[in-house]
Amino acid sequence: MKPTPPSRTFDLADVRARLDGLRGQQYWQSLDEIAETPEFKEMLHREFPNGASEWDDGVSRRSFLKMAAASLALAGLTACTKQPVQHILPYVKEPEELVLGEPQLFATAMCRGGYATGVLAKSREGHPIKVDGNPEHPASLGGSSVWMQASILDLYDPDRAKTLLRDGEISTWADFASDFNRILREHEANQGAGLHFLTETIISPTLAAQLDAILKKFPQAKLHSFDSISRDHVREGARLAFGQFVETQHRFEKTSVILSLDSDFLYTHPLALRYAREFANARRVSSGKGEMNRLYVAESTPTITGTMADHRLALGSAEVEMLSRSLAQRFGLGTMDGTSTKSESWLNALARDLEKNRGKSIVIAGEWQPPIVHALCHWLNDKLGNVGNTVFYTEPVELRPTNQLASLRELVSDMQADAVKTLLILGGNPVYAAPADFDFATVLPKVKQSIYLGTELDETAALCAWHVPQAHYLESWGDAKSFDGTISFQQPLIEPLYGGKTPPEILDLIFPQQPVRDDYEIVRSYWETQKRWPDFEKGWRRSVHDGLIADSALAEKKMELKSDAIGEALRSHQVSVTGIEVTFRPDPSIWDGRFANNGWLQECAKPVSKLTWDNAVIISPALAQQQNLAAGDIVELELNGRKVRGPIWLQPGQAEKTVTLHLGYGRERAGRVGRGVGFNANQLRTSDALWSASDLKISKLGEKHPLVATQTHHNLQSPERQIYREGTLNDFKANPQFVKQSIESPKNAETLYDTNEYRYDGYKWAMSIDLNTCLGCNACLLACNAENNIPVVGKDQVARGREMYWIRIDTYYKGSLDNPEFSHMPVPCMHCEHAPCELVCPVEATMHDHEGLNLQVYNRCVGTRFCSNNCPYKVRRFNFLWYADYKTPSFKPMYNPDVTVRWRGVMEKCTYCIQRISRARITAEKENRRISEHEIQTACQQACPTNAIVFGDLNTPNSTVAKLKTHPLDYSMLGELNTRPRTTYLAKLRNPNPEIQSEAKG
Amino acid sequence: MAQIFRRSSNSIARATLVGTFVAFFGFWGVVYAVYRSPYTTDVNVPLAQPAPFSHKHHVAGLGLDCRYCHTTVEKSSFAGMPPTETCMTCHSQVWKDAPVLAPVRESMATAQPIRWQRVNQLPDFVFFNHSIHVQKGVGCSTCHGAVDQMPITRKVHSLYMRWCLDCHEAPQKFLRPRDQIFNTEWQAPEDQLARGQALMVEYHISTNRLQQLRDCSMCHR
Amino acid sequence: MDTIQGSEPRMPDPSKPYPVTVLGYPAEMIGPKETYARVSDQIAGIPLKHPHPKFWLTCFAIAGSLFLMFCVAVGYLLFKGVGIWGINIPIAWGFAITNFVWWIGIGHAGTFISAILLLLHQKWRTTINRLTEAMTLFAVMCAGMFPLLHLGRPWVFFWLLPYPDTMKLWPQFRSPLVWDVFAVSTYFLVSLMFWYLGVMPDLATVRDKAKTKWKKIIYGISCMGWRGSARHWQHHQSAYLLLGGLATPLVLSVHSVVSFDFAVAQLPGWHSTIFPPYFVAGAIYSGFAMVLNLLIPIRRLYRLQNLITTRTLNNMACVTLVTGWMVIYGYIMEAFMAWYSNDPFEKHMMWDRAFGSYGWVFWGLMLLNCVIPQLLWSRRIRTHDLALFFVALSVNVGMWVERFVIVVQSLHHDFVPSSWKMYYPTKWDVITLLGSIGMFLMLLLLFIRYVPMISITESRELIALRREGQL
């Protein structure tokens, strides 16, 4: 950040004027654009004074020699020199069931925020290369989250903790074990007084059992658990409503009306993948049924869920509580004066809609909403007869549920009182993530014997006496429950790369036995004691194979609602908000910071803002106008005494008086990727205001920081640009063909070239993307990265417009500046039958194959880039510099061996996962049969949690894709250019409440 | 005034003209020749191996089937290289302490793999699949030559793309019946073309498939 | 040597140094006092005696250092990749292609003057054709480099040539880039031969006038033993005419083909049928401007006003003006078509061109290319060296900017708004451009230094013609 004269901010009144001027279906562009401020240009110029950064940008510095060597090698390949001789190193003893060159799949489970999601990990020649959802697992149903897809990169992260450290000195597992035993012997004397354990949310039965045993052995020992993205408010809400912790589960499939009070149940919820699938199924009109559910969302900052809303209110966190109170009031609970009047009529319409759909609706609150709002949700769901239908309750999923904040507070006070002799931290990086007022960093050193099990050398590791590297989940045995209670198993695909250990292994040391048991024996023996299966070996093997214990989901539980308690709580404290409100949210990409060193996640454009490589002070345009702020301005935020600096980002749809900060950035001790990226919002986050607070002070510093977004135009310019087509459910019912009534595609014959050149007699691959169910969650993008060895290019290159995604997700805004409608559009290669890119390549490196695929031959490409210029969809990506990492040894086993790792100077693009097609084709050919429908899934399709992407063969008459192509909503983007794209879209349908709609019109 | 040049200069001039012409094309001719010569292609250049394994002895002599060692040739893209234990199945009994087998025994003892030199190698951007070729009637010797006559294994074809295409364009010239795939002595019969055509039908290589065999994407991804 | 020197032509009235036509245009194509001997001595004297060495060396030093910068830039480019330039997706072509088109355009004047004007019996070309042809060659050399340099993998450029490779592959002849390869290389070869054929007799003259042995030998070799015998002349003339005939269609074809690089694409702002004629006109426009920029200082410096007369400059200015209007017509048609087609993408492209992020570039272009050149309507400007020089300069810059607008602006806002981006040239873009200019000037200076820059024989023809009263 270099100081610069304060920038001219644009006049938002003028922007509004312009927007009002626009008629019809006007999608408008990013603020910089519409107000034509030179911000963006200035920013680029400032940050990268023309070309200056070539000398010092990360890419070049790291890959200087690499490039020299590699370009020689390349020259070698192409000029008349011979290839270097390679070697073959066969096994000494070949493992069973391993066929070199063929992938193996293993079911395991990944945990985030505690809760497990079942995954299928793909292994090639003994190393994992890809992670996908486990279709049999209720928490995944085959869908993926960005974190699942990116987790493979974490496994091979060269910056992982590689050695066991004692006070920063390299040590050994044996030394640790003996020292740990010494410590424990000390504690045996005093029954474990001063022996403390800090874990994340505990959902592993084995771990829980171990902890129980420990408490038996050391009655004085204390357990604490803390997750920076904790669900405390949900727990307390339940306690308020039912007098005890219960887990609330939802069935979105059956709903017709959903009200989300600041809940991002489609993305951040522990069961989001399942909920997304159910939600989408209830919305999918392509499946023939003409009904859709209706989603109302009130939230402070646009989230995935918010962008899917039919009606969205941009309300501050506190305003959401007011809203929920006055809604409850409408159903006869409590009395409430100051309702936010602006949403009065909205609320009435909503209430009527809920009333109309008794038993078929859901009211759900976000983890960040105070307990009372959760209690109100329970009450409303009960009142609306949803309980037992769309909502039901179960025992808590986590073992030993507790108020994590209180539990951490207790630990901190004990540490301050020097009552903590030994602290064993099992993951979680509390030094970084704990509330600022706990000041964990200063109290932790007071503990002499601190042991930290963590994956990387992070802030906590630096302050602990012992740091034991934690094994990645793909390296460990384990068990965990998913949010619905299903017990899932973890099995390793690879020996721990750096001798990492798992929590059970550490705890097992407390019960000394010879020989020391590894995680496999620990987990297995635990389940042996459980007597779950008549024939243990059989049951165990089956469960490990499946990755879960079938039907182990928690049973539905009848709960008694304490209405009066809720009413009491309502009266007892009144909600109020003063000044500017700040809300804290987990980052949509790097969550609470645990993924900060993951280049894929850092570079993938955040769902709505499309920001990369940064977090920002997200404010509404209106606030920006009052405070005279522009994107990129560095401001100092002050919240009762605590200060933090960050760059401004204007987010249309942000609640007017609410500033949103995403957690997880500003890591001081992370790997080369995550260190020092963004600012640390935790510095403002205190225990009394974990999720939101009032009276935030913003002061402009007159400096600027370049924020880089991959999309700077969110406007479709003119209605004639029929790129994104949409309508309402009623339009569709009135005239199913309404989408077609736009520019029609020309005849196939309207080309200079022979239309019979390719006849597609064999297979005819095509893709259909349902804009109606696409959440814009980036899972497809990450899956594509992993499948196709797509490089990370870094912030500088992204700022220059050189990101490498093969599939990108465009987000368009429509309507008012303060609360626009959002539209997501995934754009992979269209695989045109008349592909403009093919004709202009002088060396035929971009070629058309006989199944209609449009492919890039990297080893033939000379890099004229003409193909990209001539591609109307701009889905081609070019290796302007040497982007692929040939150097880092730990990445080599990560690359998909079926896909070429591209070198400098060649074009690359989506291939419909040709490697998967070829594999299936070869298998089918060997068996002399056609490829059956579900044999091939493209990476993006496989990852999509809502099945919005469908891929298949058009020559198979009743394949899903063939059917979808005949659906009335089907249209081709820019079809008028006669490109005849194989990737087509199903138009978006919204399902607005007629009352609100008419009012909006009036 | 005096002449600057002697008479001979005329002929020199002419010679130069012709010379430049010849030199230009000559140079490229040489480059071309080198690029196709064993110097670049390694064709018929035996490589030194840690243990002097003789296909001649094992195949022609002992009559081992290709698949005894190259086990995955029908299953996978990779034909498979025998693990040390495969060697030891016999050599723990016969030639127990033959010095030439020292590397093998050592590998078994130290659990360190044997470091064979790769004889037939393709660039990383070429994706070749053994199983489908074997399945579709391309015999081992079609590409690997008379391995059974090789005391030390060597490459017999340049493996240039041009060479691959020769077959991908006209498989009928090379295809053989399934039962002959692993027959290293197989020779194309007189009426190979006719038989080849018939085999193509048998192997479901339709005209469409034939066109497809020339798509870049068949081998490059 | 005064072998074929006849009697002196009659002297015109010395009171009027430069006779003018009725309209008051300068009428002379060659100074009044010129004799065969003087012409020979004067022109041949420049390479032999090398007047004004200081000035020449200074220019050469400047040009040379620019050229060295160019070498550095190219070296770094080859080492690092085209990423050192400002290009991105969607703007995958930037300065490189702009420069390519610009240089090719400049390379048009030479052949136009020497070939087309030859066939049209335009005598005023005789004293300038040599220099312009040389300029053409150097311009095409500069142009030729850019398509290679802009490749992602320049070391495999030869895949664009049809030759029997080990991959059984050929270039794709549907691609305009392949057409370019042939168009440009043909053009270069023909121009080269044409130029060399013309220069041979003069090299002989220099050889004969040369004093030192080495000069005699070198010029002797390079003129391929020209003796000026009748047979030589007969062959020479027919060959010259033949090549002229060959070169003429090329003048039109080359830039038409180059324009296909854009016209064949379906990008708004590129996809337009008017491109070929519009590009050719633009090419000659910039070509003539460049010739003027070179001639004016040179004729001042080497006192060649008597050979390169104001009449010649005046004629060139007129051609510039005419071609300028063809270009303007092109602009108008583009705008009209955008409106008339009613195609949203075309319309937006045009709007963005004028009022978008690159609007200022567009208006600059209008000023340089359309407004300023209108000064040429005035005779006083056309016959005033300095004024003419600056007008020509504005045209040269203007034509470069035009190519920039076509390449960059069209790309930066294409079909799908989400991928719209901006293009900012890096220092390497700029260095490469300046460097290529340096290379161009360097070659030109070497030419002036060692080769007779005006055709001696043809100037002597002029004298002969005047003697017969045919001027």
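Below, each value reflects all heavy atoms present in this structure, side chains not excepted, and no hydrogens, waters or symmetry copies. Chain naming here is simple, since letters A, B, ... match the order of the sequence lines and numbering starts at 1 in each.
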Over all atoms of both residues, closest heavy-atom pair of [X] and [Y]:
{"X": "C:R153", "Y": "A:G905", "result": "CG-O, 3.8 Å"}
{"X": "A:D810", "Y": "C:S418", "result": "OD2-OG, 2.6 Å"}
{"X": "C:G81", "Y": "A:R904", "result": "CA-NE, 3.3 Å"}

Below 4.5 Å, heavy-atom pairs only: which of [options] has the largest tally toward chain C?
{"options": "A:P842, A:C861, A:G863, A:G801", "answer": "A:P842"}
{"options": "A:V862, A:V843, A:V827", "answer": "A:V862"}
{"options": "A:T710, A:V840, A:L839, A:N869", "answer": "A:N869"}

With chain A, which of [options] has the greatest number of heavy-atom pairs at distances under 4.5 Å?
{"options": "C:I97, C:D429, C:V264, C:D414", "answer": "C:D414"}
{"options": "C:P154, C:P90, C:A96", "answer": "C:P90"}
{"options": "C:T166, C:L267, C:V82, C:V181", "answer": "C:V82"}

Check whether any side-chain heavy atom of [X] sits under 4.5 Å from a side-chain heavy atom of [Y], and report yes or no.
{"X": "C:P176", "Y": "A:F866", "answer": "yes"}
{"X": "A:T712", "Y": "C:W420", "answer": "no"}
{"X": "A:R860", "Y": "C:M167", "answer": "yes"}

query = Are C:W85 and A:F880 close enough that their ring centers fall under 6.0 Å?
reply =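 Distance test on ring centres: not under 6.0 Å, no.
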query = Hey, are C:K168 and A:E844 close enough for a salt bridge, meaning a charged N less than 4.0 Å from a carboxylate O?
reply = no
Any donor-acceptor pair under 3.5 Å linking the side chain of [X] with the backbone of [Y]?
{"X": "C:Q172", "Y": "A:C841", "result": "yes"}
{"X": "A:R802", "Y": "C:I87", "result": "yes"}
{"X": "C:W270", "Y": "A:N870", "result": "no"}
{"X": "A:R865", "Y": "C:L151", "result": "no"}

Please classify the contact between [X] and chain C as side chain, backbone, both or neither, with a heavy-atom cut-off of under 4.5 Å.
{"X": "A:P872", "result": "both"}
{"X": "A:E803", "result": "side chain"}
{"X": "A:S868", "result": "side chain"}

query = More than 12 heavy atoms of other residues, nucleotides or ligands under 6.0 Å from OH of C:Y340: is that the case?
reply =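 No, OH of C:Y340 has 12 or fewer neighbouring heavy atoms, counting only those of other groups under 6.0 Å.
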Under 4.5 Å from any heavy atom of chain A - which part of [X]:
{"X": "C:W170", "result": "backbone"}
{"X": "C:D165", "result": "side chain"}
{"X": "C:L161", "result": "neither"}

message = Taking side chain to side chain contact (heavy atoms under 4.5 Å, CB included) as the criterion, tell me which of A:K874, A:M973, A:H713 meets it with C:V416.
response =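 When A:K874, A:M973, A:H713 are each tested with C:V416, the side chain to side chain contact (heavy atoms under 4.5 Å, CB included) holds only for A:M973.
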